[in-house]
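Data block below; observations after.
Here is the naming used below: chain letters follow the sequence lines, and residue numbers restart at 1 for every chain. Since the model is a prediction, treat every value here as computed from it, not as a measurement.
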Amino acid sequence: MDSLQIYLILAAILFSLGMFAVITRRNAIAVLMGIELILNAANLNFIAFARFGGMNITGHIFALFVIVLAAAEVAVALAIIINIYQNFNSINVDEAQQLKQ
Amino acid sequence: MINIVFWFFVAMTVVSAFSVVLSKNLVYAAISLLVTFLGVASMYVFLWADFMAGTQVMIYIGGILILILFGIMLTHKITSVRISHTNVQRGVGAIVVLALFTGLVWMINISPWINEPSVEPIQTVETIGTLLMTDYLLPFEVASVLLLGALIGAAVLARKDD
Amino acid sequence: MNIFLQYTLLIYFLPLIAFGIQIFIGKRLPRQGDWLSIGAVLATLVLSIALFAGMLLDYNPDFKQNFSFTWLETTNFKISMGFLVDNITIIMLLVVAIISSASHIYSLKYMEGDPRYSRFYAYLSLFTFSMNGIVLANSFMLLYMSWELVGLSSYLLIGFWFEKDSAANAGKKAFLTNRVGDIGFFIGIMLLFTAIGSFSYSEVFAGVAAGKISGTLLTLAGIGLFMGAVGKSAQFPLHIWLPDAMEGPTPVSALIHAATMVAAGVFMMVRVFPILTPDALILIAYIGGFTAFFAATIAITRTDIKQVLAYSTLSQLGYMIMSVGTGAYIAAFFHLAIHAIFKANLFYGAGSVIHGMHHSLDELDDHETDAQDMRNMGGLRVKMPITYLAMVISSLAISGVPLFSGFLSKDAILAGTLALVERTHSHQLLLFFGFGAALITAFYMFRMIFLTFHNKPNKPKIFKHIKESPTAMLIPLVVLSLLSIFIFYTLPNANPLSDQGWFTHLVEPQESLVPGHINPSVHEIEESIHHSHNPAMITSLIVAGLGLLLAWLMYFKKVISAEVWARRLRPLYNLSLNKYYIDELYDKILYQPFLKIADWVAYLDWDVYDKYFINGFGRATEWFAKIVGIADYDGLDQGIVDSFGRNTNRLGVALKKLQTGKIQNYVLYAALAVVILLIIQML
């Protein structure tokens, strides 16, 4: 509880899981969820450093901005996903491969 | 006593994260995501980031998760359970991610972290607010513009073509 | 400049200039430039007469002028050339000039209308130039050069009507036979040069006298030089070209093959007499004597008028050579000059007869009958009186009848032969050759006269249209006939039987320079000749008379039948008729084997060397090129150069699979990259 590493490791776990979701999941929204997980892991890192690493309140600011960005990003992402769904009738990431060689 | 609670919340976060990633049902994944967000918020509390915890709950759960749910609902197709929800990259992905995790852990362990015992702040809100208006004014404004852009963009994108 | 040098330079170079102009632009000059050549040769004649007059006025037997210039000088040796002017030179120059002028004038009518008229005169000028070169030379180098040039001129002139195969072949035969003799000549000259180190006569003579070359080597050198004479003067066994040379136009035969070129061999012998050893001399005498007799025996069966004269020339040349061999070489030179005059005259006369025959045949439109065959002639005396007279005078001269020039010189030769026999008490065969040939000469010459000019015409139709020849052709006949009278040669004596005159005074024999006194001295020779003069003269008169009588009986009176005797002496007759089969013999033992060798060598060169060796190179190169091509194309080009492209292509195709278009793959790659970097960092 009072060590930095535990929070960092937790963040690492979240990050890895998020990565796995991004790489592996077929549904675009599931991929989005993975991205959220990654962002959360980063936030956790920031806050942990704010408490233990000497960043103090700056960490909080960072985390705040990250949250803001995440929100904006989700909004746009979902708009895109809905668009894709309306055009191709599927949000299977595997099928969005028109740039394939 | 606090340790038990701490470890409980850690476990909750981890388990729900796994569920988000591995769950076949998208709605289950979304709900698990909610639980993960809550867990992270709790971590924030343990880290004396009270304002951030609140912000996390409000925006992530209250905003982003709702949006995701909306997205799920809007794009949900009635599909059979038997269809695989993960793609071909499962194996390689697992290995790579595992390697990545191992690397991260190893890096965390051998890095000489600065361990300054910090003082528990009285109020973070006020500090954050002040800082936003003074030191971090520019990022604040930029973020505003960004939000505006995202807003417009999303609105344009989601429009039906007529 | 010395007047003699002036005159001789003009005499030498004027015909050359005429040749040069004539050969290039002769055709475009008016009258095809014959006046150019004639002018040059007449100028030569005038100058020669001037020199001759000067010589007579001076009356000095020791007159000698030598002009030389250095032609080539190296560190080892020096070759100089120039003119040697002494009494012999002047006399010979005059002879050449007279006969050459006569031929030039004669050709005005004889060659009229020939398509290559200007070229004929050009060649005549070239010949005059070359012959004068031989006469004037004071060094073997100039002599040899002029010798070859004379041979060339002879070739060009014999084969002048080269459309006729026989003429072209005759020209080739003359040149090649000459060449064989010239090999010996060249060896002789080089032997002398190697031993003595100079080409000029004076230095060579001095060298021989000093003993730089002697014994067998000197004999060989002498024989080598003699070989040149054998070729040029048509002695046995290189006589084969002279009868064939009659294919040339008659003026050419007169000039070259009767009077001057063939005499060049004798002239050269006269010049080099002092360095001839007794062994060489005896060989020379025998070859000369044999040729004289041998040729005469062939002449008796000839039916072509020019062939009779050709063999007669051979015979007389044999006489001259024999005379050189016996030591009476001044007599040889004497006979050379006199023979030139009457032999040219005989040829002109024969030419006149042939011209008349051609004219008559043309009128009859007969192109088959041989205009030169005596069996188609007969009784021409009445139609061609001047020609007849000229021919008779010349025949009397050649037969050695007194009151004519030939008697004097032939007498001297036979005296010399008899003198040799008396000195050495051997070599009687030469007497047989000499007097025998004299008998036969008289016989066949008058046979010719009687067959051509007397009795009834054999072909009356042809006879009807015969006319005397035009004046231009008769002038030389008249002039030369006059010169065949004895008086011109015995002055200041008037005795027709005398052996002394301006000639014998001015042209004195030289002492032999052969070291060791193995040759008889001039005094000894002259003594013995004096002794044998009268016996020789009487014998030659008897012999000539016999020959004449025989001819008269056989062909004029027709008392003795020629056919009967021919049948009785059939084997001898056949030998004579077929020229002793010499040409056939040479063909079998020389020409055919040589041609076979040539064929075989050609086979070696063409079918073996060329095909296998040379072509082999080609094929080997081709094969090698093919291999290199394969290495280059399949190996280098396809294998290495193209492989770059192909492998890049394959790499591209392989890498193309990376671009799946799926975002998640790309994210995986990124993660993978991070992992790898981490691992690297760890290590």
Side-chain angles (χ1 to χ4, degrees), chain A residues 1 4-10 12-21 23-30 32-34 36-37 40 43-44 47-48 50-54 56-57 60-61 63-65 67-76 78-83 85-86 90-91 93-94, chain B residues 2-3 6 10 13-14 17-18 20-21 26 29-30 33 36-37 40 43-44 46-49 51-52 55-56 59-60 63-64 67-68 70-72 74-75 85-87 89-90 93-94 97 100-101 104-105 108 113-116 118 124 127-128 131 136 139 143 146-147 150 153-154 157-158:
Chain A
M1 186 174 103
L4 178 59
Q5 282 90 327
I6 197 68
Y7 296 101
L8 293 184
I9 289 175
L10 176 60
I13 292 172
L14 286 176
F15 178 79
S16 311
L17 286 171
M19 202 71 195
F20 186 70
I23 295 176
T24 323
R25 294 282 272 176
R26 275 205 191 165
N27 199 313
I29 300 196
L32 191 62
M33 285 196 259
E36 291 313 312
L37 277 176
N40 270 290
N43 264 348
L44 191 56
I47 305 293
R51 160 86 201 275
F52 290 107
N56 298 323
I57 212 68
H60 293 223
I61 308 288
L64 187 63
F65 279 115
I67 291 175
V68 166
L69 282 164
E73 168 238 333
V74 165
V76 176
L78 278 170
I80 293 175
I81 288 174
I82 288 170
N83 234 335
Y85 179 74
Q86 280 167 353
S90 145
I91 49 170
V93 193
D94 277 346
Chain B
I2 294 181
N3 274 342
F6 177 70
V10 167
T13 312
V14 173
F18 265 104
V20 168
V21 173
L26 213 54
L33 190 64
T36 313
F37 287 156
V40 170
M43 289 297 113
Y44 287 175
F46 278 112
L47 286 168
W48 301 345
F51 173 65
M52 290 314 301
T55 314
Q56 166 91 352
I59 295 181
Y60 259 111
I64 292 172
L67 275 178
I68 288 178
F70 266 122
I72 292 173
L74 283 174
T75 62
H85 284 257
T86 52
N87 64 12
Q89 288 190 144
R90 279 198 312 266
V97 160
L100 204 61
F101 178 66
L104 281 168
V105 166
I108 292 165
W113 300 113
I114 310 166
N115 226 333
E116 283 177 20
S118 50
T124 57
T127 324
I128 290 172
L131 278 173
Y136 299 106
L146 181 92
L147 281 171
L157 274 172

Q: Run the numbers on Y7(A) and F6(B) for ring pair (Phe, Tyr, Trp, His ring centres under 6.0 Å), then give the verdict.
A: CA-CA 11 Å; Y7(A) 296 101; F6(B) 177 70; 5.7 Å; yes
Q) Between V20(B) and L37(A), does a side-chain contact (heavy atoms from CB on, under 4.5 Å) hold up when you go through it step by step? A) CA-CA 9 Å; V20(B) 168; L37(A) 277 176; 4.0 Å; yes
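Looking at I23(A) and V97(B), their side chains come closer than 4.5 Å, going by heavy atoms from C-beta outward. You'll find the side chain of I47(A) stays beyond 4.5 Å of the side chain of M43(B), heavy atoms only. Contact annotation: the side chain of E36(A) approaches that of I68(B) to within less than 4.5 Å [non-hydrogen atoms, C-beta and beyond]. Using a 4.5 Å cut-off on side-chain heavy atoms (C-beta onward), I72(B) and N27(A) make no contact. Counting heavy atoms from C-beta on, the side chains of N40(A) and T36(B) never come closer than 4.5 Å. Within the 4.5 Å cutoff, the side chain of F101(B) has no heavy atoms near those of the L17(A) side chain.
Across all non-hydrogen atoms, the minimal contact from I64(B) to A70(A) is CD1-C, 3.9 Å. Across all their heavy atoms, L157(B) and A79(A) have their closest contact at CB-CB, 3.7 Å. Summarising the geometry of A71(A) relative to I59(B), their closest heavy-atom pair is CB-CG2, 4.2 Å, with the distance given to 0.1 Å. Shown here for W48(B) and R51(A), the closest heavy-atom pair between the two residues is CZ3-NE, 3.1 Å. Nearest heavy-atom pair, A29(B) versus M33(A), reported as atom, atom and distance to 0.1 Å: CB-CE, 3.6 Å. When all heavy atoms of A21(A) and V21(B) are compared, the pair lying nearest together is CB-CG2, 3.9 Å.
Contacts of L64(A) with chain B are made by both backbone and side-chain atoms, with heavy-atom separations under 4.5 Å. For Y60(B), the part lying under 4.5 angstrom from a heavy atom of chain A is the side chain only. For a residue to count as touching a neighbouring chain, one of its non-hydrogen atoms must lie under 4.5 Å from one of that chain's; by this rule I61(A) touches chain B with the side chain only. Interface residue L10(A): only side-chain heavy atoms are found under 4.5 Å from chain B. Looking at I80(A), both its backbone and its side chain come within 4.5 Å of chain B, counting heavy atoms on both sides. With a threshold of 4.5 angstrom between heavy atoms, L78(A) approaches chain B through side-chain atoms but not through N, CA, C or O. For a residue to count as touching a neighbouring chain, one of its non-hydrogen atoms must lie under 4.5 Å from one of that chain's; by this rule I128(B) touches chain A with backbone and side chain alike. Heavy atoms closer than 4.5 Å to chain A are found nowhere in F70(B), neither backbone nor side chain.
To the nearest 0.5 Å, the span separating CD1 on I13(A) from CG on L104(B) amounts to 11.0 Å. In this structure, OH on Y44(B) lies 9.5 Å from NE2 on H60(A), to the nearest 0.5 angstrom. Taken to the nearest 0.5 Å, the CZ atom of F65(A) stands 10.5 Å off from the CG atom of L146(B).
Across A75(A), G18(A), A28(A), the residue that shares the most heavy-atom pairs under 4.5 angstrom with chain B is A75(A).
Listed by chain and number, the residues in a side chain to side chain contact (heavy atoms under 4.5 Å, CB included) with I82(A) are Q86(A), L74(B), T75(B) (sequence neighbours excluded).
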